Every structure is written in C-alpha cells, then in structure tokens.
Protein chains: 2
Amino acid sequence: MAQIGLSNLGRQKSAEKTNAILEGAMGEFLAHGYAATSMERVAVAAGVSKATVYSHFQDKQGLFTTLVRRLAEEKYRTVFNPQDSQFLQGEPKVVLRRLATNMLDNAMGDQQVQSFMRLIMGESGRFPELAQPYVENLAKPVIELLSQYFASRCELQLSDPEATARIFIGSLVYFVILQEVLHGKEILPLERDRLINSLIEMITNAKY
Amino acid sequence: MAQIGLSNLGRQKSAEKTNAILEGAMGEFLAHGYAATSMERVAVAAGVSKATVYSHFQDKQGLFTTLVRRLAEEKYRTVFNPQDSQFLQGEPKVVLRRLATNMLDNAMGDQQVQSFMRLIMGESGRFPELAQPYVENLAKPVIELLSQYFASRCELQLSDPEATARIFIGSLVYFVILQEVLHGKEILPLERDRLINSLIEMITNAKY
DNA sequence: GTCTATACATCGATAGAC
DNA sequence: GTCTATCGATGTATAGAC
C-alpha cells in the first residue's frame with residue numbers, strides 16, 4: 001500500500017503481482033504438475049491476465065523453475081532444517097528423537113510438502129536442474145549437519161558418521177514417501193514412534 | 001505366428017498389437033510423464049494408428065493405469081524381490097549384504113527403474129490408485145519378507161523386526177532416490193558400500 | 001504494465017471407409 | 001480390426017489497444 005504516488009499506479013512491474021503470480025503458480029503446479037498446468041489457470045489463480053504472466057516471466061518453463069527454486073530455498077527449508085541451534089543440545093538419544101519427531105511432524109501433516117516431493121521427483125527426469133536446489137538447499141544441509149553431529153559425539157563410536165546420517169534421514173524420508181506420498185498408510189501401517197525408537201536404538205546401541 | 005488361417009489375418013484384436021501398444025506406451029509415459037504424453041506419439045511408437053490404440057484401450061487413463069499396473073506387477077518385481085529362496089541362506093551379515101548389493105545394483109544401473117520411480121511418485125497425487133500396485137506388489141512383499149527374516153534370526157536380538165526392515169529398505173531406496181533419481185551423485189557423493197557397511201554394522205551390532 | 005482478442009499448434013477422441 | 005480424416009476443445013505465446 002506504500003505507493004510512491006497515484007501516478008505510479010500500474011506504471012511499474014509491481015513486485016506484488018510477481019508474488020501473486022508465484023502464489024497462483026504454486027497452487028496450480030503443486031496440484032496438477034508441470035505439463036497439466038496451463039498458464040491460463042495460473043493467471044486466474046493469481047488474479048491477473050495471461051499476458052501479465054508473460055510480462056513477468058519469460059515462458060512457462062521460466063515461471064516453473066523460478067517457483068521451484070524459491071520453494072526449495074525458502075519455504076520448505078524449515079521442514080528439515082532446524083535453524084534453532086539448541087536443537088542439538090542434550091543427550092544424543094534426546095536430540096535424535098527431537099530431530100526425527102520434528103521432521104516427521106512437519107512432513108506428515110503438510111499436504112503441500114508432500115505435493116512438493118511429488119513434483120520434484122516427478123519432474124526430475126525432464127528438469128534435472130530443478131532437483132539440484134532440492135539436493136543443495138534441503139538434503140545436503142541436513143545430511144551435513146547430522147554428519148557433523150554424529151562425528152562430534154565420540155561416545156557413539158560410529159565408524160562412519162556420514163553413512164549413519166544417510167541411514168537416519170533415508171529411513172525417515174522413505175517413511176513419509178511410503179505412508180503419505182504413496183498412500184501406503186492403510187496397506188502397510190506402522191506407528192511413527194516404532195521407527196524412531198528402532199533408529200535411535202540402532203544408532204546409540206542401547207535398548208529401552 | 002501360429003495363426004488359425006490366413007482368413008483370420010487382421011480379423012481379431014491381436015494380442016501382439018496390444019503388447020506393441022503397451023510397449024510404446026511404456027517408453028512414452030516413462031520418458032514424458034502422463035500429461036505430456038500424447039496418444040499420437042504412443043501410436044507412432046507402437047507402429048499403429050491412433051484409432052487402433054483406442055480400439056484396444058478405452059481412453060488415455062485406461063491405457064496408463066493398465067501399463068503402470070503391469071509394470072508394478074511384472075517387470076520391476078525382480079528388482080527388489082529375490083524370488084530365489086537360497087538368497088536367505090547363510091550368516092545374516094552375508095545375507096543382508098547380498099540383499100542390499102543386489103537391490104542397489106539393479107536399481108542404480110537401470111534408467112527404466114528410475115523413470116518408473118519418478119512416474120509413480122509424480123502421479124501418485126492425481127492417480128492414488130496407481131500407487132497401490134507399487135505398495136502392494138513391490139514394497140509390501142519386500143518389507144514383509146525382510147521383517148520375517150529379521151524376526152526369525154533371534155541372535156540379532158532385534159526389538160522391532162518390522163521397524164528394522166523399514167530402516168533397511170528405506171535407507172537403500174532413499175540412497176537411490178538421492179544419488180540417481182534426483183541427480184545428487186556429484187553434489188553429495190557417497191560410496192555404495194559405505195552405506196551398506198554401516199547398515200549391516202548397525203543391525204548386526206558388530207564392527208568390522 | 002495490464003488488459004482483450006487472437007494466431008497457431010496440438011490435444012483426446014470419434015466417424016466412416018475398407 | 002485397422003486405417004485416414006476430422007471435430008471440438010484447449011494449449012502456449014503474442015499483437016495491439018489503453
């Protein structure tokens with residue numbers, strides 16, 4: 001609302017419209033995928049005309065790549081990446097449980113996160129460059145953070161902290177994929193805490 | 001080639017054409033996804049006309065669901081499911097290594113398997129019923145087989161064999177996803193055997 | 001910068017000849 | 001059963017008015 005003046009109304013490529021378009025594109029691409037999303041529906045969802053969409057973005061690919069890159073860099077970073085430093089304070093058993101519980105809570109309860117996983121995986125063959133922001137900004141930081149944590153806790157006596165981090169993350173992510181993304185919840189039920197318990201038990205090498 | 005007679009040439013809905021169409025559809029759907037695949041291109045890939053495709057299958061959805069169901073039931077079963085019963089003979093450390101190595105060898109080296117994973121995940125939101133054959137015929141048998149194996153090896157003293165099976169499979173599948181499907185190989189390199197070693201070490205509770 | 005209107009291609013699906 | 005030809009709808013992208 002902080003416009004410079006009335007004479008500037010509609011006179012510049014407004015960042016608000018750019019955001020509205022990206023918001024609309026997010027809903028459409030997440031719901032229908034790349035190919036099945038039309039620029040017309042994006043325009044309607046954004047509340048602008050199709051021509052306006054094309055004045056803000058070069059073409060459909062450009063809009064799509066901009067959107068996905070932004071989603072990977074900003075929106076879903078918090079799902080896996082606990083920027084709060086006190087997350088790593090305390091006994092390993094407690095820390096790992098907090099981490100796993102947090103990840104699963106965020107991922108299992110958020111339909112948008114699951115749609116994003118479907119989109120990234122589904123288009124990774126035709127848009128290899130779009131999988132990179134996911135790996136670079138989401139997967140890599142988490143794995144490296146966890147690797148360093150595992151390496152720093154010598155009492156765990158882990159022979160390969162990095163591989164252990166992969167096991168930890170992989171087990172959790174595949175759990176989300178199988179139960180939620182692929183709708184395996186009813187066919188292959190498994191309580192969340194059973195997975196977490198076994199994971200922690202295996203890593204800390206201590207039974208409960 | 002075992003035709004009843006020359007008079008029957010082209011007189012019945014030939015199973016060969018059905019297979020040719022399914023073969024063509026496989027290549028197209030795996031390469032371009034559901035929405036971006038046209039029935040025209042399927043027809044060309046199968047060496048028939050578009051009308052012939054529609055005489056063998058009700059519509060695009062019908063062809064797609066038939067194809068995916070067939071792929072999940074037949075083609076990719078062997079990737080994860082070792083029907084050879086002697087696969088489970090021997091020391092747990094040896095058996096688990098054989099199992100993991102076999103799974104990763106089959107999955108990492110096969111572009112079609114990776115395209116299939118992309119397709120299933122990518123379309124699981126819009127075709128929930130198609131994820132089911134994957135879960136039912138691929139994921140479930142492997143997890144249950146492994147669960148029973150873990151439960152039968154009392155010396156491993158696993159408190160939750162089913163959860164342990166999930167960890168085992170999940171770590172391997174997410175490794176394939178991250179390295180191959182999402183092209184993380186260069187950004188996040190990790191040798192296959194390091195993952196397998198750590199997995200086996202954690203489960204059998206014995207260092208090398 | 002944003003809109004309406006439109007050009008041009010391609011889609012899924014079918015009709016009718018053989 | 002299979003083909004060619006085609007219909008109607010919808011896709012991306014742009015031209016031109018304001």
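The sequence lines fix the lettering, A, B, ..., with proteins before strands; numbering per chain opens at 1. Everything numeric in this text was worked out from a predicted model, so none of it was measured.
Counting non-hydrogen atoms under 4.0 angstrom, B:S38 reaches the backbone sugars and phosphates but no base. Across all strands shown, B:K50 has heavy atoms under 4.0 Å from base atoms, whether or not it also approaches the sugar-phosphate. At the heavy-atom level, A:T37 lies under 4.0 Å from the strands shown only through sugar-phosphate atoms.
At D:dT2, none of the side-chain N or O atoms of B:T52 fall inside 4.0 Å of OP1 or OP2 (strictly under the cut-off). Using a 4.0 Å cut-off, some side-chain N or O of A:S14 falls inside it from OP1 or OP2 of C:dT2.
The CE atom of B:M202 lies 9.0 Å from the OG1 atom of A:T204; values are rounded to the nearest 0.5 Å. Rounded to the nearest 0.5 angstrom, B:L88 CG and B:Y149 OH are separated by 6.5 Å.
Across the protein-nucleic acid pair, A:H56 atom NE2 and C:dC3 atom C1' stand 12 Å apart, rounded to whole Å. Put simply, CZ on A:R41 is 18 Å from P on D:dA9, counting in whole angstrom units. One can place NZ of A:K60 at 15 Å from P of D:dT10, the figure rounded to the nearest angstrom. As rounded to whole Å, 20 Å separates atom P of C:dA9 from atom CD of A:E40. Remark: P of C:dG12 and NE2 of B:H32 are 13 Å apart, rounded to the nearest angstrom. Note: CZ (A:F57) to P (D:dA13) measures 14 Å, nearest angstrom. What separates CD1 of A:I21 from P of C:dT2 is a distance of 7 Å, to the nearest Å.
The number of heavy atoms from other shown groups lying within 6.0 Å of CD (A:Q86) does not exceed 12.
Closest approach to the A:A51 side chain among D:dT2, C:dT4, C:dT2 is made by C:dT4 (side chain taken as heavy atoms from C-beta onward). Among the nucleotides D:dA13, D:dG11, D:dT4, the one closest to any side-chain atom of A:Y54 is D:dA13. Side chain of B:K17, nearest nucleotide from C:dT2, D:dC3, D:dA13: D:dC3.
Ring geometry for A:F150 against A:F168 counts as perpendicular: the plane angle is over 60°, on a 0 to 90° scale with 30° as the lower cut. Using the six-membered ring where Trp is involved, A:Y34 and A:F127 have ring planes that are perpendicular, over 60° apart on the 30 and 60° scheme.
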